[in-house]
Amino acid sequence: MKNLTDIEIIESVKKGNHSDFALIIDRYKNKAFSLLTRMLKNEMEAEEVLQDCFLKAFNSLANFRQEAKFSTWFYRIVYNTGLTKLSSTKRKIESEMASIDDHLEIKSEHDFRIAEQKDFSKFIQSQVEKLPVKYASVINMFYLDNMTCEEISEVMETSVSNVKVMLYRSRNELKNLLLKFKYSEELL
Amino acid sequence: MIQLSDELLNKYIDGELEESALKEIHEQLKKSESDRRRLAALQTIHSELASLKMYQVSEDFTSSVMFKVRKNLKVVRKDRNFIFSIVTIFIAISLIIFGYLIDWAIGQSSGIGVLTENINNYVNTFIGSFSIVKDLFTTKNLSIIGSIFSFGIIISGYLFFESLKQSKRNLSKLH
């Protein structure tokens, strides 16, 4: 099948070919699901919220103007719906949504155990899951969705420099953990 | 001894530094083992994050969302048909009443001239200054307006029955 662009698919959906929306779902479902899972820390909730996000996107397609990329527009829906879900479930959002001025520190009881296994990938993946919502979102969008800092700032409605601060802090914290748990000898 | 900042190392990884800054960093890295270690750790993190785990939704996710999309569309269509029916009924009733009033006025008058005079008086009393509206009610215009309203009633009736048929079809599909 011809590799249609997002805009071509959306134009087709707008013309009444509603079943084409399935192409958009297939294209974004796993990436958006990863973002929501890292935000909500719960796969079942993330899937429910993602269904709502796709429905919202479908119902608002008429409002989508091609000034921004579809992915940015859609991720803004996903990110905001994720935040709404977090606040509605009355989690301790204040502690999770640390502002960028707050100190970022990742703590884990299993850090030493994982570190002893000397499995870099497992170790880092497990630490990413423990990042606060905003930091995890930035990491997810930057690495998994290959979004630029500018696009992420549009999604999160914050400045580009804030996004960079969150990205650098996340990397630095992970780097410090890596050095702390004696991986450093293997790095050189 | 100068130590390279984390911000600088991050920018180095992202390729955001200019040639002159790059030279300085390379010089510093040659001198400091600690900086080399920090950079290597950061590069490891960067490459590990590049292969970040992607979570997978359940297999029937797409079909489940599409089912909800279609269901949602049916509800919107039903609502639209309902509003259309109500508007059509309202217009039809208004036109019937207007037609009945015209018919009654003709019945009350002995001739079309008297009728025109009555309508003119009516318009003068209630509208007064709206002379443009008054001018509409001349003998010639009255027959034109009557024809337009009759046509409107026929069209409204047709649309009303069409929407009624469509609603019935939608209901039978739902059952």
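Fair warning: this is a prediction, and the values are worked out from it, not measured in the lab. Residue numbering restarts at 1 for every chain, and letters A, B, ... go by the order of the sequence lines.
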- Is there a path from B:I13 to A:V160 through hydrophobic residues (I, L, V, M, F, W, Y) whose side chains come within less than 4.5 Å of each other? no
- Message: Using the rule that Ile, Leu, Val, Met, Phe, Trp and Tyr join whenever any side-chain heavy atoms are under 4.5 Å apart, tell me whether B:I86 and B:Y158 fall into a single cluster.
- Response: no
- Query: Heavy-atom distance under 4.5 Å to chain B: side chain of A:L50, backbone, both or neither?
  - Reply: both
- Message: Once salt bridge (Lys or Arg N to Asp or Glu O under 4.0 Å) is applied, do any residues pair with A:E48, and if so which ones, sequence neighbours excluded?
- Response: none
- If you look at every heavy atom in A:Y143 and B:L49, which pair is closest and at what distance? CB-O, 3.3 Å
- Would B:F160 end up clustered with B:I93 when hydrophobic side chains under 4.5 Å apart are linked, directly or stepwise? yes
- Under a 4.0 Å N-O cut-off, is there an ion pair linking A:K175 with B:D6? yes
- Between B:L9 and chain A, which part of the residue has a heavy atom less than 4.5 Å away: side chain, backbone, both or neither? neither
- Message: If I take atom NE2 from residue B:H46 and atom CG from residue A:L174, how far apart are they, to the nearest 0.5 angstrom?
- Response: 13.0 Å
- Task: Side chain from CB out, backbone as N, CA, C, O: work out which of these in A:N176 comes under 4.5 Å of a heavy atom of chain B, or both, or neither.
- Result: neither
- Item | chain A contact via B:R70 - which portion, at a heavy-atom distance below 4.5 Å | side chain
- Message: For a quick test of reading the model, state the closest non-hydrogen atom pair linking A:K29 to B:T62 and the distance between them.
- Response: NZ-OG1, 3.1 Å
- Query: Around B:K71, counting heavy atoms of other residues, nucleotides and ligands shown, do more than 12 lie under 6.0 Å from its NZ?
  - Reply: no
- Separation between NZ of A:K122 and NZ of B:K53, rounded to the nearest 0.5 Å: 11.5 Å
- Interatomic spacing from CG in B:L52 to CG in A:N140 - rounded to 0.5 Å: 6.0 Å
- Query: Rounded to the nearest 0.5 Å, how far does OG of B:S51 lie from CD1 of A:I124?
  - Reply: 8.5 Å
- Query: Is it the backbone or the side chain of A:Q125 that comes under 4.5 Å from a heavy atom of chain B, or both, or neither?
  - Reply: side chain
- Query: Do other residues, nucleotides or ligands put more than 12 heavy atoms under 6.0 Å from A:E157 CD?
  - Reply: yes
- Task: Using a cut-off of under 4.5 Å on heavy-atom pairs, state which of B:V69, B:V57, B:V65 scores highest against chain A.
- Result: B:V57
- Check each atom of B:S47 against the heavy atoms of chain A and say whether the ones under 4.5 Å are side chain, backbone, both or neither. neither
- So which of A:F33, A:F21, A:F58 has the biggest tally of heavy-atom pairs under 4.5 Å with chain B? A:F33
- Message: Test of understanding: clusters of I, L, V, M, F, W, Y form through side-chain heavy atoms closer than 4.5 Å, transitively. Do B:F84 and B:I91 belong to the same one?
- Response: no
- Message: Once rounded to the nearest 0.5 Å, what's the spacing between atom OG of B:S64 and atom CZ of A:F54?
- Response: 11.5 Å
- Task: Verify the cluster assignment for B:M54 and A:Y79: are they in a single hydrophobic cluster under the rule of side-chain heavy atoms below 4.5 Å apart?
- Result: yes
- Query: Does B:L42 reach the side chain of A:N172, with side-chain heavy atoms less than 4.5 Å apart?
  - Reply: yes
- Item | Over all atoms of both residues, closest heavy-atom pair of B:M66 and A:S19 | CE-CA, 3.6 Å
- Query: Once you round to the nearest 0.5 Å, how far does CG of A:L178 lie from CZ of B:R37?
  - Reply: 11.5 Å
- Atom group of A:K31 that falls short of 4.5 Å from chain B, counting heavy atoms: both
- For the residue pair B:D14 and A:R171, what are the closest heavy atoms and their distance? OD1-NH2, 2.7 Å
- Can you tell which of B:E7, B:E16, B:Q43 has the highest number of heavy-atom pairs within less than 4.5 Å of chain A? B:E16
